[in-house]
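Notes follow the structure.
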Amino acid sequence: DCRQRIYGNQQLLQPALLIQPEHLKAMAELCGPIPRLVFKSSSSTYDQQQAFIRDIDGKLPSKTEDLMALAREVHSSTKETRTSHYILHTSVHDPFFDETNPGSGYIISTMLWASAYVANAAIVRLNQEAKKEVAHKISLWANIPTLAALRGMLFEPSGHNRLKTIGVNSFRARRLGTSQTCDLRLQVDGSQVFSRISEVAAYPDNLYAFPQSRTEGAVDSLMQPNMMFQFTVSLHHPVKANPLTKAMAQLRSVDSLFLIFVAPPDIFESFQLQPYHNENNRVHPNLPAEIQSGVQQWVMKVDLFAVVK
């Protein structure tokens, strides 16, 4: 519809106007899920993409204080700048529908990085200034509820960078609901960004895969043949059952699958077994059998201080 409204029938008469899927995928990773750019033709994508990168790079925070200022602008009802929304977005959660309260939907929101490119570039920029400061703030902000969103935004991309490091990486882990503990050794042979979770089914073993945008709901990354990862900085992190079964279907293992909560050290020991929710954000009354019998919940400690010391 958008293409038809912008170009009319020109795109049918001039195939050169059509932007190829690989270009659209690259731009989605760069710009994020909110429409920002209109291209006159496919030939204009590269120049406009490079200009957009230069514009974003000039707005990236170089200190955690800069990031906090951008967050305040996004949440302010009176102060709003182009800069803050190039870096941060507010995402409204799926409706929590209560039949006794029809107006209960769309009342919870989360602050997110504007795009995968922005998340990675911002972490690189912040780490250039002070790696220990970023790791310290992730730990320090655990005690400040108003900064919980920023804590998660710093932890997840930093954690992705840690987990996708090629080689054998060892992390302390606990199986939730039991007393079982171990040093979990992850063999990572490479990493891949996907736009649709169905792409993961064809990936080789030990390829760390994470989505172009946060749309999967239940998992933040996967690795064949049997691992799903969910980053969290909170002790309460319910799992959406329906998106989880979709993620499970992409993994090849015929044995148990592992849902691994990736957590910072301050919540690792106290993190407990998490509930499964239905589409209304309530505890699922009829949990699918494949989840009940086929998924083990684990929590894994990722200490960013250990990386930057």
Side-chain angles (χ1 to χ4, degrees), residues 94 155-156 159-160 162-263 267-268 271-279 281-302:
D94 293 339
F155 179 71
E156 182 175 337
H160 277 309
R162 181 76 173 91
L163 265 60
K164 71 182 182 182
T165 301
I166 293 175
V168 179
N169 303 294
S170 182
F171 303 92
R172 194 63 183 164
R174 295 190 300 111
R175 183 176 178 182
L176 299 177
T178 75
S179 58
Q180 183 179 353
T181 63
C182 71
D183 287 323
L184 181 61
R185 294 170 62 84
L186 297 183
Q187 172 69 50
V188 179
D189 297 334
S191 60
Q192 178 68 48
V193 177
F194 61 85
S195 57
R196 293 184 177 88
I197 199 168
S198 57
E199 298 169 19
V200 176
Y203 289 170
D205 289 358
N206 304 324
L207 183 69
Y208 185 78
F210 52 100
Q212 191 174 78
S213 61
R214 291 184 58 178
T215 58
E216 299 307 325
V219 298
D220 292 320
S221 55
L222 305 93
M223 192 161 67
Q224 294 284 10
N226 59 1
M227 292 186 177
M228 301 171 287
F229 301 93
Q230 176 65 62
F231 289 83
T232 183
V233 295
S234 171
L235 290 173
H236 182 63
H237 200 117
V239 182
K240 294 183 179 180
N242 288 346
L244 181 65
T245 56
K246 187 177 179 181
M248 292 168 59
Q250 314 310 317
L251 298 176
R252 287 190 290 273
S253 177
V254 295
D255 299 319
S256 290
L257 301 180
F258 299 93
L259 174 59
I260 302 172
F261 292 92
V262 183
I267 66 169
F268 172 72
F271 197 80
Q272 300 297 319
L273 196 69
Q274 298 298 305
Y276 294 100
H277 278 189
N278 60 17
E279 61 275 9
N281 293 330
R282 296 184 181 276
V283 174
H284 205 297
N286 300 299
L287 195 63
E290 58 266 34
I291 295 179
Q292 287 185 345
S293 60
V295 176
Q296 295 183 19
Q297 286 191 21
W298 287 72
V299 62
M300 183 174 77
K301 178 170 66 175
V302 173

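Basis for what follows: all heavy atoms, side chains included, without hydrogens, waters or symmetry-related copies.
Ring geometry for Y208 against F229 counts as tilted: the plane angle lies between 30° and 60°, on a 0 to 90° scale.
A donor-acceptor pair under 3.5 Å is absent between the side-chain atoms of N226 and the main chain of S253, judged by distance alone. For Q274 (side chain) and H237 (main-chain N/O), a donor-acceptor pair under 3.5 Å exists by modelled atom type. When atom types are taken as modelled, the side chain of R174 and the backbone of F268 share a donor-acceptor pair closer than 3.5 angstrom. Judged purely by atom type and a 3.5 angstrom limit, Q224 uses its side chain to pair as donor or acceptor with the backbone of Q250. In terms of modelled atom types and a separation under 3.5 Å, the side chain of Q296 and the main chain of G294 share no donor-acceptor contact. With hydrogens and angles ignored, the 3.5 Å screen pairs no side-chain donor or acceptor of R162 with any backbone N or O of N169.
T245 and P288 make their closest contact through CG2-CG, 4.2 Å (heavy atoms, listed as atom of the first residue, atom of the second, distance). The two atoms that bring T165 and V188 nearest to each other are O-CB, 3.6 Å, heavy atoms only. Heavy atoms only, all atoms of each residue included: V200 and A209 are closest at CG2-CB, 4.3 Å. Of all heavy-atom pairs spanning S293 and S256, the tightest one is O-OG, 4.5 Å. Taking each heavy atom of F155 and A263 in turn, the nearest pair found is CZ-C, 3.6 Å. Summarising the geometry of L287 relative to A241, their closest heavy-atom pair is CD1-CB, 4.1 Å, with the distance given to 0.1 Å.
Distance check: N242 CG to H277 NE2 gives 12.5 Å after rounding to the nearest 0.5 Å. Atom CG of D205 sits about 5.0 Å away from atom CZ of R252, to the nearest 0.5 Å. Atoms CE and CD1, from M248 and I197 in turn, are 11.5 Å apart once rounded to the nearest 0.5 Å. Rounded to the nearest 0.5 angstrom, N281 CG and K240 NZ are separated by 6.0 Å. For the atom pair CE of M300 and OG of S170, the computed distance is 10.0 Å after rounding to the nearest 0.5 Å. Atom-to-atom distance recorded for R175:CZ and L273:CG is 9.5 Å, nearest 0.5 angstrom.
Counting heavy atoms from C-beta outward, V262 and F171 have side chains that stay 4.5 Å or more apart. Considering only heavy atoms from C-beta on, P285 comes within 4.5 Å of N278 through its side chain. Taking the side chain as every heavy atom from C-beta outward, I260 and L184 approach each other to under 4.5 Å. Contact of the M228 side chain with the L244 side chain is registered, since non-hydrogen atoms from C-beta on lie closer than 4.5 Å. At a threshold of 4.5 Å between non-hydrogen side-chain atoms, the residues D183 and R172 count as touching. Side-chain contact between F210 and L163 is absent, with no heavy atoms from C-beta onward closer than 4.5 Å. The closest side-chain heavy-atom distance from L259 to W298 is not below 4.5 Å. Q297 has its side chain within reach of Y276: a pair of non-hydrogen atoms, C-beta onward, lies under 4.5 Å apart.
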Passes side-chain contact (heavy atoms from CB on, under 4.5 Å), L222 versus F194? Steps please. CA-CA 10 Å; L222 305 93; F194 61 85; 3.9 Å; yes
Dump the intermediate steps for side-chain contact (heavy atoms from CB on, under 4.5 Å) on F261 and V239, then the final yes or no. CA-CA 10 Å; F261 292 92; V239 182; 3.6 Å; yes
Under the side-chain contact (heavy atoms from CB on, under 4.5 Å) criterion, do E156 and D220 qualify, and how do the steps go? CA-CA 9 Å; E156 182 175 337; D220 292 320; 3.8 Å; yes
